[in-house]
Structure formats: C-alpha cells, structure tokens
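Proteins come first, then strands; the chains are lettered A, B, ... in the order of their sequence lines, and each starts at number 1.
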Amino acid sequence: MLDKKYEAKEKESKWLNYWQEKKIYEFKPDAREVFSIDTPPPTVNGKIHIGHIFSYTQTEMVARYKRLRGYNVFYPFGFDDNGLPSERLVEKEQGKKAKEIGREEFAKLCYETTDKYESEFQDLFSKMGVSTDWQIHYKTVSPTTIKISQRSFLDLVNKGHCYHKESPALWCNECLTSIAQAELETKTIKTTFNYVNFKTVEDNEEFTIATTRPELLPAIVCVFVNPEDKVHNHLIGKTAHIPVIDVEVPIMGDEKVAIDKGTGVVMCCTFGDQTDIEWWKKYNLPLKYIFTEDGCIASFVPNYGGMKIKEARKKIVEDLTNGGYIQKIEELEHEVQTHERCGKEVEYTVMKQWFIDIMNHKEDFLRIGNEIKWHPEHMHNRYNEWVSNIMWDWCISRQRYFGVPFPIWYCKDCGEVILAREEDLPVNPLVDKPSISSCPKCGSKEFIPETDIMDTWATSSVTPLINMRYGEKDNLESILKPMSLRTNASEIIRTWDFYTIVKSFYHFGERPWDNVMISGFVMADKGEKISKSKGNSKIEPMDAINEYSADVVRYWAGTGRLGSDIVFSDETLLRGKKLVNKIWNVSKFIEMHLQDYVDKEFNDFEYIDRWIIAKYQEMEKGFIKYLDEYEVGLALNTLEKFFWNFCDNYIEIVKHRLYRPEEFGDIPRYSGQKTVYMLLYKLLQDFSIFFPFITEEIYQELYKFNDSIHLTEIKFMDYDFNKELVTGDKLVEIISSVRGEKSSNNLSLKTPVKYLEINASQDIEEAINSSIKDFKATLFINNLQINHQDNDYEIKKIELEIEEKTA
RNA sequence: GGGCGAUUAGCUCAGUUGGUUAGAGUACUUGCCUUACAAGCAAGGUGUCGUAGGUUCGAGUCCUACAUCGCCCACCA
C-alpha cells in the first residue's frame, strides 16, 4: 500500500539507488531505433547554478519521453574540464599563476581540481534524476578524448583544412594566449579621445587625427582619408610626419574611412584593430608590431620600450601635450573587445598558429544549417547571422598548459612539421618522441615539440566524435551519424554548435545532428541573467532540491518554453508541489478501489467513463505533438490541465459508484475501476517524464509490469467516444452550476437538492439519462425533472434542502 | 547601427491555422472538516491584450511604424 504521506527525500534516494543497481538507464545497442542526444558537457569551473538545472532538465525530459516511445536512448553525459576555465579556477584556488607553478605540477592540479568538481556535478545531476548512463560519461581532457581530438586534428591537417601559419590573431595579454573571435565579449569602458596634430612633410599643412590609442603612434605605417572627403582628399599622395615619434608615413585614400567619425583622418597601425589588419593585407603595408605578448611596448621602440601599454599611453599623451601637438582631449565612452574569460581588452598579435579553414566553406556551413531542424525555428537565424558575418579562420592554438596537446613536432633545422602517427595517439609531444628519427626534408635529427594546446572549442566541438568513439575499433559511427539531437542555450550557437558543424562537415561531409534544441536562460529578476560573475542567483540547486524535492524542482524547470527565458519563481514551485501531492493522493484513492480488481477485457463502459477516456485521448494528441517538438513545458501544461479535470470532476463523480456497488451494481463499478486503472497508468507514464521519482514509487506499488516505469512504452488507446466528448463537458458544466448554487448559499456540497429542473437538448438529455445514477449521486439530487428544448440547456430551478442551523 | 525574440489580470505564464462574453496558477475575498487530499474542495472580483496606424464582415492573433526590455553581432580611427 502507498504511504499515507509521500516522503520525497527518502523515496528519491531509494529510487536513485534502485535505478543504479538495476542499470535502468544503461545503453546497450539492440534492435530498437536509437535516439541519441548530444548534451553540453558543463564547464568544470566550480559550481552548477540553477540555470544549468533548468536547461539540462529540459533535455533530460526529452530523453525520458523518447525512452517511453520505444527508442533506445543514447544519452551520455560529459564534463568539460578543458583549458582556460579550469586553469583560471586552479590559479584562483592556488593564488598563483600557472607560470609560477610549473607546467607539470600545474596540469596535475588541474586534473585533481576537475575530478573533485566532477564528482560534485555528477552527484547533483543524479539527484535531479538525470537519466544518463554514467558508464559512458566522458571528460574533455582524458586519454580517450585526447586521442579522438588529436585524431580529428590529424584528419583535418591531412585533408588540408587545418594549416600552420604566421598570421594576425587575437591576443589576450592577461591570459597570455591567442583567442578566437567567438571568445570575445564587448564591454563599455570610459576612455579619452585624443585629437593629435600631424603635419605634411611636403608643405607643413596641419591636420588632426583623433585617437583613443595614442600609444600606437610608434606603430603607424600609414594615414588614410576617404577619397570622397572634400576637406582632406587633397592630402592623398603626400607624406605625414608623426609628432614626437618623428617618423614619416604615406597618406593614402580608402573608402572605408568614415568621413564623419573623429576628424575623418585615420592612422593605420600594426595592429590597432580589425580595419588595420584589412588595410595591412590590402595595401601590403609594412609590419610594425610594437607590443610584447605580456602587454608591454617592445624594447626596440625608442623612449617607450618596456612600458606597460597603459603607462605608455599616459607618457605619450604627456609628451604630445608638452610638444603642443594635442588639440583637445575628450572624454569618451566606447565599446571595446574583451576576452570573455578574464574581461581584459584584447590586442592583436602576429605569430605562428594553427588555424582551421572557415572562410572557404561558409556556404557549406550555411547549407548544413538548413538541413538541421532548429527548435525553436527562429534560432536558425542566429546561426545564419553568425556564419555569414564571420571574418576569420578559426585559430585553435592556445599558449596554455592544460588541455589537448597538438600531436606535433617541428624540425629544429628546417621547421618542417612532423605529425604523430595515428596508431601512436594519444601523444604528448613534450614527453613522447616522433616515430621518425630524422627529418624527411633536411635529415636533421632534432625536433622541437609543440608547446601549445588546443582551444577549448576545438575539443568540445568533437563531442559527437567522442560519443561515437570516432576511429576506434568498437565505434558507434553507424548509429550516431548523425546524432538525433543537440541541446544548448542560445549563447553558444556561434561556438559550440557552429564548430561542431565545421568538424562534422570536414570529417564526414554531413550534419552532426538532425535537430538542435535551444533553451532559454534563467533570470534572477526581470532583465537580469543569472551569471556566476554577478553572483545573483537567488537559490542554489541543492537547497532547492532539499526544500522542494527533485520532482518539484523539475516541475519548475519543465514549465519553461524553448528558447525563452524564465524567472526563478516560488509560485511555480508551489504549483509543482501541489501537483505532485495531488498525484500521490489520487493514486492512494485509486489504489484503495483496486483492491479487488482483476484486469480483463471489458468494453461496456459507463457514460462518464467514456467521457473521461475520450478527454484523455484528446489531451494525449496535443501532449505528444508538443513533445515531438521538444516543447516539454507546453506538454506538461496540457497534461496538468487534464489531470486536474480528472481529479476534480471525474473522480468526484465516479467515487460514489466505486464506494457503493450495492447501489450502482458490480459491472458499473468495474467500469469505473477499469477506467481509473487504465488512466492512472497512462497518467503515471506521462508524468514520469517530469516526475521520475514519485511516479516510480506509485508504479512499483500498483502496476509493476517490469523493473521500472521508465522502461515501459506508451501505447495509444483507440476508443471512439467522440459523442461523449462534447455532451460530457456540458454535464460537468451543469454539475458545476449546481455546486455554485450551494456554495453561494454557504452550504456544504453534500446538501441535498430537493428538486432540479433542467431544459435540455436531446443530446444532453440522453447524456444525463445515460449517467443518471452518477449524476444524481454527485449532486445529491432527490428529484430531477428534464424538459426538452432544441439547443443546449438551461437550468430552470434548483431547490436546496436547507437545514435550520441551530443556534 | 544590424539580426532575433518578448511585451496579455498585482505576480508567473497559456492563448494552436484570425471567429461569439480573452484563459490557468498564484495572490486576495467568501464558504465548505465532502468515507484520497485543508499542501484540499467550491464560489467570487480583477484586463484600454506595450503605443499608433492599416488589412478584414471580424485582430491578442496578419501587415507597417514606434517605444521598452532581453540575447547575439557590428561600430571601436
């Protein structure tokens, strides 16, 4: 028997253990069709917040739904312990920079730290009822993953999509590494706009350039004006003298110069910004790179060499002012590109780096985007927008320590790239030696290992490959190419989704998945995204589980619409709590009335039973439709609405028949038993997607067809009770009106109705007559009079038996 | 500045292809201890559907413009 009260905490831990012991969520390839989910490996950087719970739970619900629909669900979990986020976490915990700790020791600390957090993460996700097979979970830095990631790299190099080249790249002089365009974040900062006077060498004509970065004066290689600019275009062809620096550079024309910005005259440096690089390439300008990798002015720059960039800026403005070259200085608020991991302004650099070709295959990436179904559909635009506008090849070299090493050495003498052999993977070039003893090009016997590691996204973009064990003997390529579903939030469409598509296209020439499902964010309050940096999360996941139970927290997560943000709301949790409680109570009620029940073929359903069965079938259609679109929230809403109707109306009507067979007869009672038996099972299955714990508890007690409700399959009923669908609703309406009459007279619902007179159409009259016993019992009617009218119904008279209340 | 989305009851949100008096929950008020549930049941009031136009017999729903908010991108001289 079900307990009087449901103790969530105790039951949830019981079923967690049970599922684990019985391996309920184990993935084994078999004859069933596979539904595979590529879920984001959360970044191991300290904490899972309620936002993670929100989006992961929605995905999890899809996994449970597909399992109920008979799919063999492949749903592995991963952890991203790659690169910078982990390194920064370790640096923070140690209070020391990686450089000070030393490469080997640092990597060890990274492994220890990520392991520690991963077990915490796993515990939390398990407690939330995530139905993943932990046997096949992966880490983005592990021998297996490194092997697959390196194999992916070698494949791209061999196919000519990955190249090593000296090229401008984005550089973070806080993290001391190059970064990708996708890792940029724009920030508004306050700075000054300095109007600096220049002169032409030819005729000493003065002109002004406005700049936010005067420290770049020593890097100027050229001055540009717009050929359409009537004020300045006569300068084209002349030579500009750079004040203080005392260097002469040509003045050229280019239509990219905005006449109305600043003074309309622009200095071009190597490299101040994106445009500088474009001009540098377009006009083949000389390279005058003046920064060091740690954010200083290079020592070869006279007067300013060795200074920090900001110091140099100050000093140079001082010198300009003293020389009388500053016309004015304006305060300015403008947006700069910063590195999203550390928030520091990025610079450009020139060095040899590994790049993956993006620019030559944009059309292919767009085409593949079209082949994938996006949920919600409008998220496809985000992808298109990004791909269409991307301007750089993807730089995958990072000058960091912890991550996937490049399986590469360089010949010390001629610089020839020596690739590792595939059979030797995984390879750490710092420890391992190349398979060849001498350089095939020059014969040198000395090799230099690549010290860089790969970009975080270079490895997380291979999650489908990790899942399918790409290139391994026991691979799952045939069933996971493509995977069924990728899920993530909208902010990483341009990174994780895009890069995964790039890799899949280069490796296999096809899409990595059939569907992409995008979740929204959790907002702390209206208009404020919950983020680690702001620390504005009002609730910790573990606290929420302890306070409300995992099922209830899942309810909250499950109410969100795809792609839409959600606010953390106590009201929603309360609503979930009530729903879970109601499921328990109605199950107890049904269990009570099934003590003597034996399931058998039966078709002689009572009217009101036919009605609720028809209502269920109608609801189920919408429910399934929503789930097939991954709209778990709308599906839950549909189900919940039906469920309350089932409890408050149907159960209230049928209970009299279930309690009193002597009055209603054994067969009508059996009809009610059969109905609640069937529908509770269906409801438990449906609810098991959202509430895996409580539904399991009830299933095990009442049904137990197999080891777990989560291994059952949804079977559709096909009763044709369409007529009851409409007239039954009318019946409920009439019942509701009569109850209203009692209620507004401040009477108990048990108050007998002495006389009820209704005018009704033929259909409704038939409905009442077909359910006459249920109808009268529900409302406690003594005398009922039905008159005929053409359409609908009208309640003519309600006489209640009013007891005199004794004082 | 560009792209996408949102704007419906005090709060959190539904509203499917345009079709009568716009719906839930919550909060509030009133009543009811009804052989599952007081974490319950019944009843009740609450809305210029962001603003302004347009299409239509008919618009919360379609079109245009604007406003506010959010996400992403660009501008950074």
Across the strands shown, which category fits [X] at heavy-atom distances under 4.0 angstrom: base, sugar-phosphate, nothing?
{"X": "A/Val265", "result": "sugar-phosphate"}
{"X": "A/Ser564", "result": "nothing"}
{"X": "A/Arg382", "result": "base"}

Rounded off to whole Å, could you give me the [atom1]-to-[atom2] distance for the [X] and [N] pair?
{"X": "A/Asn791", "N": "B/rU20", "atom1": "CG", "atom2": "P", "answer": "18 Å"}
{"X": "A/Asn384", "N": "B/rC71", "atom1": "CG", "atom2": "P", "answer": "22 Å"}
{"X": "A/Phe521", "N": "B/rC72", "atom1": "CZ", "atom2": "P", "answer": "6 Å"}
{"X": "A/Gln337", "N": "B/rC72", "atom1": "CD", "atom2": "P", "answer": "13 Å"}

Check the phosphate of B/rG40 against A/Lys578, side-chain N and O only, distance under 4.0 Å to OP1 or OP2. Yes or no? yes

Pairs involving residues 547-562 of chain A, ordered by first then second residue, that meet salt bridge (charged side-chain N to carboxylate O under 4.0 Å, His left out) (sequence neighbours left out): A/Glu60-A/Arg554, A/Arg561-A/Glu631

Check: A/Arg660 side chain, B/rU35 base, donor-acceptor under 3.5 Å: yes

Distance check, P atoms only: B/rG23 and B/rG44, in whole angstrom units. 13 Å

Could you tell me whether A/Lys4 and A/Glu591 have a side-chain N and a carboxylate O separated by less than 4.0 Å? no

